[in-house]
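What follows is one structure encoded as C-alpha cells, with my remarks underneath.
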Amino acid sequence: MQFTNQSGGNDFSILGLLNSAEANIPLFVVFLLIFLVTIIGNVIILTVVTMDQSLQIPMYFFLSNLSFLEIWYTMTIVPKLLANLLMKSNNISFSGCMTQLFFFVAFGATECYLLLVMAYDRYMAICKPLYYSSLMNTNFCESRQVNHFFCDIPPLLELSCGDIYLAEISIFILSLTVLFSCLLLTLVSYFYIVISILRMKSNSSRSRTFSTCGSHLTVVLIYYGTMIFMYVRPHSSYSSDMKKFISVFYTVVTPGLNPIIYSLRNKEVKIFQLTLKDLNNSETP
C-alpha cells in the first residue's frame with residue numbers, strides 16, 4: 001500500500017504493509033474480521049466477568065483488565081490501518097501521529113506490566129497454593145473510608161489488613177527512581193540554562209530570562225518537592241491532615257500554575273489575546 005503524499009509538509013505518509021494496491025481489499029477483509037473478533041470477544045469476556053459474581057477472583061479480575069486493555073490497544077492501530085487500506089490518501093497529521101504513538105506506547109507498556117502480574121498470579125496459584133488465598137485478594141479490612149480527598153496509594157494501604165511492608169518498599173524504590181532521576185535531569189538542564197543566561201550581554205534580556213526560568217523552576221520544585229515528601233519514604237509518621245495538605249500542591253496548585261507560568265506569560269500568547277480583544281471590540285456595535 002503506497003500512495004503519493006499530497007498533504008501539507010507537516011503530515012506523514014503511511015506506506016503500509018505491501019507496495020501493491022491490488023492487495024488492499026483482501027488485506028482489508030482479513031484485518032476487519034480479526035478486528036471484529038478481537039473487539040467482540042474481549043467485550044464478551046469483560047461483560048461476563050463483570051456481571052458474574054462467581055468470577056470475582058484474581059485470575060478473572062486480571063483477565064477482564066486484559067480484555068479492556070486489548071480493546072483500546074487494538075482501537076489505537078487497526079481503525080487507521082483499515083482506513084488506509086480503503087482510502088487513496090494514507091496521510092496522517094503530525095498531531096494524529098503523535099497521539100497514536102502515545103496511546104500505543106502507553107497501552108503496550110501497561111499490557112507488559114499486566115502480563116507480569118498475571119504470571120505472578122499463576123505462580124502463586126500453582127507453586128504456593130496454600131498462600132494464594134491469603135495473598136491474592138482485595139486485602140482490605142471492613143473499613144471502606146478513604147481518609148483523603150482522592151484515591152491515593154498511601155491512604156488505600158492504610159485500609160489493608162495484610163502486611164504492607166513489601167508494598168511500601170516497592171513504592172519507595174519506584175518513586176525514588178522515577179522522581180529523583182527526572183528531577184536530576186531537570187536541574188541539570190536548568191543549570192546549563194543559568195550558565196547561558198549569565199553569558200548574555202544584555203541586562204534586560206538576562207533579567208527577562210531569569211524571571212521566566214525562575215518561575216518555571218519554582219513550579220518544578222513545588223511539584224517534585226511535594227511528590228518526594230509524599231512517596232519517597234518507606235513509612236510515614238505524618239498525620240493524615242498533613243498528607244492531604246501536601247497532596248493539594250501537586251494535584252491542584254501546580255496544575256493551576258502551569259498555564260499561568262508556561263503559557264499566559266509568553267509573548268506569543270499575549271499577542272494572540274490582544275488580537276482576540278481587538279477583534280471582539282471591532283465586532284461590538
Side-chain angles (χ1 to χ4, degrees), residues 61-62 65 68-69 102-103 105-107 109-110 112-114 116-117 120 135-195 197 208-266 269:
F61 170 77
F62 294 133
N65 279 272
F68 177 81
L69 188 63
F102 171 80
F103 284 107
V105 173
F107 290 134
T110 304
C112 291
Y113 286 110
L114 182 58
L116 173 62
V117 174
Y120 178 75
L135 293 177
M136 303 301 292
N137 55 51
T138 55
N139 217 12
F140 291 109
C141 299
E142 295 181 359
S143 176
R144 289 296 187 269
Q145 296 180 346
V146 180
N147 190 9
H148 215 290
F149 60 90
F150 71 101
C151 287
D152 197 10
I153 297 175
L156 288 175
L157 287 178
E158 292 176 358
L159 300 179
S160 177
C161 292
D163 186 6
I164 61 174
Y165 176 76
L166 290 178
E168 288 185 326
I169 292 297
S170 300
I171 295 169
F172 171 78
I173 295 174
L174 181 61
S175 301
L176 181 67
T177 304
V178 173
L179 292 176
F180 272 97
S181 60
C182 293
L183 177 59
L184 179 61
L185 293 175
T186 303
L187 293 178
V188 169
S189 299
Y190 276 101
F191 173 76
Y192 283 103
I193 290 172
V194 171
I195 292 177
I197 293 174
R208 286 196 306 268
T209 310
F210 259 127
S211 176
T212 302
C213 291
S215 301
H216 294 177
L217 187 58
T218 300
V219 175
V220 167
L221 291 178
I222 292 175
Y223 180 77
Y224 280 108
T226 52
M227 290 280 283
I228 290 172
F229 178 87
M230 282 296 298
Y231 300 108
V232 185
R233 46 184 172 76
H235 183 73
S236 174
S237 59
Y238 300 108
S239 65
S240 298
D241 292 336
M242 175 63 73
K243 297 175 186 176
K244 288 186 280 188
F245 175 75
I246 296 298
S247 299
V248 169
F249 284 92
Y250 61 85
T251 58
V252 180
V253 175
T254 52
L257 291 176
N258 284 334
I260 299 174
I261 300 300
Y262 289 99
S263 299
L264 298 182
R265 293 184 56 184
N266 289 348
V269 176

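If you read the sequence from its start, that first residue is 1, and numbering goes on from there. Atom set for the values below is all heavy atoms of this structure, side chains included, hydrogens, waters and symmetry mates excluded. Every value quoted in this text rests on a predicted model; they were computed, and no experiment measured them.
The shortest side-chain heavy-atom distance between Leu257 and Thr218 does not fall under the 4.5 Å cut-off. Looking at heavy atoms from C-beta onward, Phe191 lies in side-chain contact with Ile195 at the 4.5 angstrom threshold. Considering only heavy atoms from C-beta on, Leu159 stays 4.5 Å or farther from Arg144 through its side chain. Using a 4.5 Å heavy-atom cutoff, the side chains of Leu157 and Ile171 are in contact.
Annotation: Phe68, atom CZ; neighbour count of heavy atoms from other residues, nucleotides and ligands within 6.0 Å does not exceed 12. Atom CZ of Phe149 has more than 12 heavy atoms from other residues, nucleotides or ligands within 6.0 Å. Surrounding CZ of Phe150 are more than 12 heavy atoms belonging to other residues, nucleotides or ligands, all under 6.0 Å away.
The CG atom of Asp241 sits 11.5 Å away from atom CD1 of Ile246, with the distance rounded to the nearest 0.5 Å. To the nearest 0.5 angstrom, Tyr231 atom OH is 9.0 Å from Thr226 atom OG1. Once rounded to the nearest 0.5 Å, the distance linking OG of Ser239 with NZ of Lys244 reads 9.0 Å. The distance from atom CE of Met230 to atom OH of Tyr250, rounded to the nearest 0.5 Å, is 4.0 Å. Considering CZ of Phe249 and OG1 of Thr254, their distance stands at 10.0 Å, rounded to 0.5 Å. Taking OH of Tyr224 as the reference point, atom SG of Cys182 lies at 4.5 Å (rounded to 0.5 Å).
A side-chain donor-acceptor contact under 3.5 Å links Ser247 and His148. Side-chain atoms of Lys243 and Asn147 include no donor-acceptor pair closer than 3.5 Å. Checked by atom type, the side-chain pair Tyr223/Asn258 shows no donor-acceptor distance below 3.5 Å.
Under the 3.5 Å distance criterion, the side-chain polar atoms of Ser160 are left unmatched by any main-chain donor or acceptor of Leu156. Of the possible polar contacts, one joining the Ser181 side chain to the Val178 backbone as a donor-acceptor pair under 3.5 Å is found.
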Taking it one step at a time, do Ile197 and Cys213 satisfy side chain to side chain contact (heavy atoms under 4.5 Å, CB included)?
-> CA-CA 10 Å; Ile197 293 174; Cys213 291; 4.1 Å; yes

Quick one: do Tyr165 and Ile169 satisfy side chain to side chain contact (heavy atoms under 4.5 Å, CB included)? Show the steps, please.
-> CA-CA 6 Å; Tyr165 176 76; Ile169 292 297; 3.7 Å; yes

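Minimum heavy-atom separation, Thr110 to Leu69: C-CD2, 3.9 Å.
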